[in-house]
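Worksheet for the structure shown next.
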Amino acid sequence: MNLTGLFLIRKEELNLRSLLFTLGGVFLALAYPFVFRKPFPQDLLIKVLLFAFLGNAWNILGGLAGQVSLGHAMFFGLGAYTSTLLFLNFGVSPWVGLVAGAFLAGVVSIILGYPSFKLKGHYFAMITIAFGEVFHILFRNVDAVGGASGLFLPILDESFGNFYFGVNKIPYLYIILSFYLLSTLTIFLLDRSKVGFYLRAINSEEDAARSLGVNSALYKSVAMFFSALFTAMGGTFYAQYVTFIDPPSVYHLMLSIQIVLIVILGGVGTLFGPLVGAAVLIPLSEFTRIYLGGTGRGYDLIIYGLLIIVFAVYQPTGLMGLIRRRK
Amino acid sequence: MNPDLMQAITSGLLLGFIYSLVAVGLTLIWGVMDIVNFAHGDFLMLGMYTSYVLYTFFGIDPLFSIPVAGALLFVVGVVTYRTIIRRILDGPMLIQIFSTFGLMIFLRYVIFAVFKPDYRSIQKTLLSGTFRIFGVYVGIPELVAAAGALVTTGIIFWIMNYTKTGAAITATAENREAAQLMGIDPDRIFSLSWGIGGAAAGIAGALLANFFYIFPEVGGVFGLTAFVVVCLGGFGSIHGAFVAGILVGLVESLGGYVAPPEYKHIFVYSIFIFVLLVRPRGLFGVT
């Protein structure tokens with residue numbers, strides 16, 4: 001069982017059929033809100049796409065470069081807080097805030113990542129937990145950024161420029177869909193580029209790659225930068241969509257874990273794994289919450305835990321592994 | 001000396017002994033088989049709830065629950081190894097990390113569903129009360145817990161260094177194949193390590209139950225702190241974990257003394273980050 005050293009999407013899968021499938025999927029997503037007109041199913045697809053997007057972002061660092069980060073909530077939180085604080089304090093458009101937050105997260109990821117990249121395996125994972133927790137504690141206690149009570153976004157005119165559409169979920173759906181497609185295209189191109197080859201080499205045999213002159217810290221930083229950038233965009237989207245953020249919702253370790261879980265469930269280092277993982281996990285957790293009456297009871301998390309164990313033990317290549325094996 | 005400072009040092013020391021015991025269990029598993037048990041803090045949480053249940057439903061004082069919690073978590077450790085860990089031993093690192101993460105989430109939220117998220121505590125135990133010495137208040141439960149943790153850590157240290165079983169564990173940690181050639185069954189040793197590791201966490205939990213709040217997510221903070229201790233002490237080093245546990249207890253307590261207490265964990269995580277980046281083998285680790 002080897003999870004590394006493969007293209008995210010294999011050569012034999014690059015054909016007209018895959019392209020048609022993809023276009024068909026995009027069309028279905030565009031048509032979805034006109035078929036399902038209630039808020040609940042629309043909200044569900046928005047969440048699925050948001051987490052598929054976050055999974056994609058994580059996959060750049062975790063799947064391509066093989067660096068397991070358990071602190072991605074810090075980039076999500078940075079994105080959410082940057083755009084929200086810029087808007088609340090200076091009236092800056094959330095779209096500018098989105099770019100600023102993404103850039104800030106990218107820079108922070110390099111500052112924290114560069115010295116940490118010499119750590120291997122568990123050790124890298126653990127230092128990212130520590131970074132994430134430090135961010136969580138800071139944002140919970142500094143009153144200038146809202147502290148433990150969090151930040152509310154005021155109600156604005158519903159317009160694209162304001163990144164605010166009130167109860168109309170369709171624009172949010174289309175925005176997160178385009179984010180998701182953008183990240184998928186980026187990964188596809190990155191995977192086929194020279195950088196992608198270097199990252200795959202680092203992933204499967206770092207010492208060998210370095211001995212052949214691959215600057216591993218540089219390419220890992222590139223992967224981390226894009227990974228953090230996209231994750232922060234997801235944070236800004238979340239803030240604009242939910243219009244309330246606080247440290248437990250955007251900086252929690254469980255959020256970092258949930259992102260990775262979606263990728264593992266779908267299949268690490270596969271192009272559509274995060275989408276498959278999110279499409280299974282998000283509805284599962286929403287429905288257990290509704291039908292087991294479990295709001296605040298944690299039943300959905302019990303199922304999460306069991307799923308992780310079962311997948312780790314019996315199906316470590318994820319759902320994509322199952323799909324591929326059947327072919 | 002400033003009495004507040006003295007108080008902070010005393011509390012830090014007492015807490016540090018508990019941290020040592022929790023970390024010894026974690027470092028043992030880590031050192032023997034290079035697996036990180038992310039559910040370790042939740043083993044501790046199970047130890048606390050064992051005391052809570054025995055006290056609430058059977059009126060047993062938490063002092064006498066300590067061996068029960070130790071035995072129960074020994075079994076939990078062995079079962080974890082046999083059902084999960086054995087199957088992912090040769091798997092990719094991400095899967096190894098996530099299997100114990102899954103266990104962590106599972107245990108935490110099963111307890112959450114059964115006992116609700118409420119903070120609970122055990123009142124009126126045999127060990128209630130405080131006394132004052134040199135101007136410093138010392139809680140009797142805290143003192144007994146620290147002493148119990150010290151004794152348990154000592155027993156594990158003795159097993160590891162002065163018994164044949166300990167020698168077998170050390171041998172397996174150093175070279176699995178060579179140990180196997182000497183007639184040591186690695187599977188049995190791994191199983192045993194998980195048992196001892198679990199028991200250490202369970203006993204620490206039962207000791208804490210005498211004075212600490214009991215809630216489903218209590219394992220989170222203790223688990224993360226145990227990682228810091230293991231890392232500072234050197235991965236796999238039992239005496240390293242012992243010394244580092246006391247240091248981390250002091251840092252946390254003094255951090256809460258020099259800065260607002262909300263920030264005390266930042267000091268702990270900062271040491272963690274610093275040690276990982278500057279001296280990844282920790283204080284007593286071997287390269």
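Residue numbers start from 1 in every chain, and the chains themselves are labelled A, B, ... in the order their sequence lines are given, proteins ahead of strands. No experiment lies behind these values; they were computed from the predicted model shown.
For B:I97, the part lying under 4.5 angstrom from a heavy atom of chain A is the side chain only. Interface remark: A:V142 contributes backbone and side-chain atoms alike to the contact with chain B (heavy atom separation under 4.5 Å). Contact annotation for B:F272: only side-chain heavy atoms (C-beta onward) come within less than 4.5 Å of a heavy atom of chain A. In this structure, chain B has a heavy atom under 4.5 Å from the side chain of A:I264, while its backbone stays farther away. The contact between A:I129 and chain B is made entirely by side chain atoms (from C-beta outward), counting heavy-atom distances below 4.5 Å. Neither the backbone nor the side chain of B:I85 comes within less than 4.5 Å of any heavy atom in chain A. B:L103 touches chain A through backbone and side chain together, each having a heavy atom under 4.5 Å away. For A:I257, the parts lying under 4.5 angstrom from a heavy atom of chain B are both the backbone and the side chain. With a 4.5 angstrom heavy-atom cutoff, A:F131 touches chain B via backbone and side-chain atoms both.
Between the side chains of B:Y109 and B:E217, at least one donor-acceptor pair of N or O atoms lies under 3.5 Å.
Between chain B and the residues A:M126, A:R140, A:K118, A:E133, the largest count of heavy-atom pairs under 4.5 Å involves A:M126. Between chain A and the residues B:V228, B:D34, B:V268, the largest count of heavy-atom pairs under 4.5 Å involves B:D34. Each of B:W30, B:F98, B:Y269, B:F106 has some count of heavy-atom pairs under 4.5 Å with chain A, and the biggest count is that of B:F98.
Looking at A:T231, its side chain does come within 3.5 Å of a backbone N or O of A:S227 through a donor-acceptor pair. A:H252 places no side-chain N or O within donor-acceptor distance of the main-chain N or O of A:A73, the cut-off being under 3.5 Å. Side-chain atoms of B:Q96 come within 3.5 Å of backbone N or O of B:L89 as a donor-acceptor pair.
The aromatic ring centres of A:F135 and A:Y81 sit 6.0 Å or more apart. In this structure, B:F242 has its ring center no closer than 6.0 Å to that of B:H239.
The two residues A:A217 and A:Y114 make their nearest non-hydrogen contact at CB-CE1, 3.8 Å.
Surrounding CZ of A:F226 are at most 12 heavy atoms belonging to other residues, nucleotides or ligands under 6.0 Å away.
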